[in-house]
Amino acid sequence: MSTDALIVDGLRHQYGQRVALAGVSFRVARGEIFGLLGPNGSGKTTLFKLLSTLVRPASGSASICGLDLVREADAVRRQLGVVFQRPSVDGKLTVRENLLHHGHLYGLRGAALTARVHAMSERLSIADRAHDRVETLSGGLQRRVELAKGLLHRPRVLLLDEPATGLDPAARREFTRTLMELRERDGVTVVLTTHYLEEAERCDRVGIMHNGELIAVDTPDALKARVGGDVVVIHAAEPSALRARIADRFGIELAVVDGTLRGEQPRGHEFLRDVVEAFPGELRTVTFGKPTLEDVFIHLTGERLWGGGEAVAA
């Protein structure tokens, strides 16, 4: 049996003349939590729609648990639990009613369905709210109901599209812990899309998407190691002019990203000390620190993960 729960090979898709996915390929191991990180418009949601069998790819192939995504779509759906970005629970129904109706869609009935609803309610700590209407629950609890629905039929792969949307930071962390428990207890493979750096950091591996392409795949630590050194950020009244003067004085090329100077230096604090001494009247603030996944995105694309501000290169 293959150790891969998901294999994607050259998936392409477009809407009219706009290419949404340009030949994406990657693999996800069984029991892995794999995150797809990228801004809006990067192709994450299109890829999610293809993997959840909502849309057929224009070309390329994919398999989930050894089943072909197109030829065996019905069998694939039996292996999938899906949580969409927008809520799919009925707020006017109780937690239990939502789960019962979802179970009926998968052919579950009678005592088996009742037992499964109870088990998932206990597992996700919503059993005490079983008879409450979903609209009365907090955002975090509603997400737990969504997750209980997605897991009700014992899927082997869980697909989550921006699962932390609308949750506060504490609820996002709790939701991530729940996913890790599911992986540890049940061996569920999790594939999620996100634009939250904190959520991506907690994945086993991360694929970074940009303009319909998968431009890097690795563990969060390995991706950050690609940046090299410290990330230095300089706020100045005239960043472009200062950029040229720093290049002339130190032979170091920085980029202008969203009105700030950014770059990577092996010993960031020493470089910034020299810059402050050389141009004391031209600086507003200077900072340095270890790379984040957003720094990786800027390093690879020249753009910010949020806002898409382009970097000015040499």
Answer yes or no: is there a donor N or O on one side and an acceptor on the other, between the side chain of S42 and the main chain of P39, under 3.5 Å?
yes
Take K92 and E97, measure what salt bridge (Lys or Arg N to Asp or Glu O under 4.0 Å) needs, and give me the verdict at the end.
CA-CA 10 Å; K92 298 300 181 182; E97 288 168 341; over 6 Å; no
Grouping I, L, V, M, F, W and Y whenever their side-chain heavy atoms are under 4.5 Å apart, do L300 and F26 come out in a common cluster?
no
If hydrophobic clusters are built from ILVMFWY residues whose side chains come within less than 4.5 Å, do L151 and V82 share one?
no
In chain order, what residues pass the side-chain contact (heavy atoms from CB on, under 4.5 Å) check against E198, with sequence neighbours excluded?
R172, R173, R202
Taking the inter-plane angle between the rings of H101 and H104 on a 0 to 90° scale, is it parallel (under 30°), tilted (30 to 60°) or perpendicular (over 60°)?
perpendicular
Would you say that more than 12 heavy atoms from the other residues, nucleotides or ligands in this model lie under 6.0 Å from the CZ of R177, or not?
yes
Is there a chain of hydrophobic side chains (I, L, V, M, F, W, Y, each step under 4.5 Å between heavy atoms) that links L147 to V89?
yes
Can you check salt bridge (Lys or Arg N to Asp or Glu O under 4.0 Å) on K290 and D230, steps first, answer last?
CA-CA 5 Å; K290 295 302 179 185; D230 300 317; 3.2 Å; yes
Mind checking whether F288 and H269 have parallel, tilted or perpendicular rings, split at 30° and 60°?
tilted
Heavy-atom count check: over 12 atoms from other residues, nucleotides or ligands less than 6.0 Å from R71 CZ?
no
List the atom of P220, the atom of R205, and the distance in Å for their closest heavy-atom pair.
CD-CA, 4.4 Å
I need the full list of salt bridge (Lys or Arg N to Asp or Glu O under 4.0 Å) pairs touching residues 36-53, with sequence neighbours left out, sorted by first then second residue.
K44-E162
Residues passing the side-chain contact (heavy atoms from CB on, under 4.5 Å) test with R284, sequence neighbours excluded, are H235, A237
After noting the C-alpha distance and the side-chain angles of K224 and D221, does the key distance pass the salt bridge (Lys or Arg N to Asp or Glu O under 4.0 Å) rule?
CA-CA 5 Å; K224 288 182 286 187; D221 286 343; 3.7 Å; yes
Apply salt bridge (Lys or Arg N to Asp or Glu O under 4.0 Å) to residues E174 and R144 and explain how you reach the verdict.
CA-CA 10 Å; E174 180 62 27; R144 286 177 176 269; 2.8 Å; yes
Does CZ in R109 sit with more than 12 non-hydrogen atoms of other residues, nucleotides or ligands closer than 6.0 Å?
yes
Inspect the surroundings of CD in E238 and state if more than 12 heavy atoms from other residues, nucleotides or ligands are less than 6.0 Å away.
no
For D74, the side-chain hydrogen bond (donor to acceptor under 3.5 Å, both in side chains) test, sequence neighbours excluded, returns R77
Electrostatic pair D295:R262 at N-O distance under 4.0 angstrom:
yes
With sequence neighbours left out, the residues meeting side-chain contact (heavy atoms from CB on, under 4.5 Å) with S63 are I7
Does a donor on one side chain and an acceptor on the other come within less than 3.5 Å for E32 and T189?
no
Pairing residues for H210 by the side-chain hydrogen bond (donor to acceptor under 3.5 Å, both in side chains) criterion, not counting sequence neighbours
none
Which label fits Y106 and H153: parallel for a plane angle under 30°, tilted from 30 to 60°, or perpendicular past 60°?
parallel
If you count every heavy atom of other residues, nucleotides or ligands that lies below 6.0 Å from R129 atom CZ, does the total exceed 12?
yes
Work out which heavy atom in L51 is nearest to a heavy atom in L69; give both atom names and the distance.
O-CD1, 3.5 Å
Do L36 and V190 sit in the same hydrophobic cluster, where Ile, Leu, Val, Met, Phe, Trp and Tyr count as joined when their side-chain heavy atoms come under 4.5 Å apart?
no
Of the non-hydrogen atoms in R27 and F34, which two are nearest, and what is the gap between them?
O-CE1, 4.4 Å
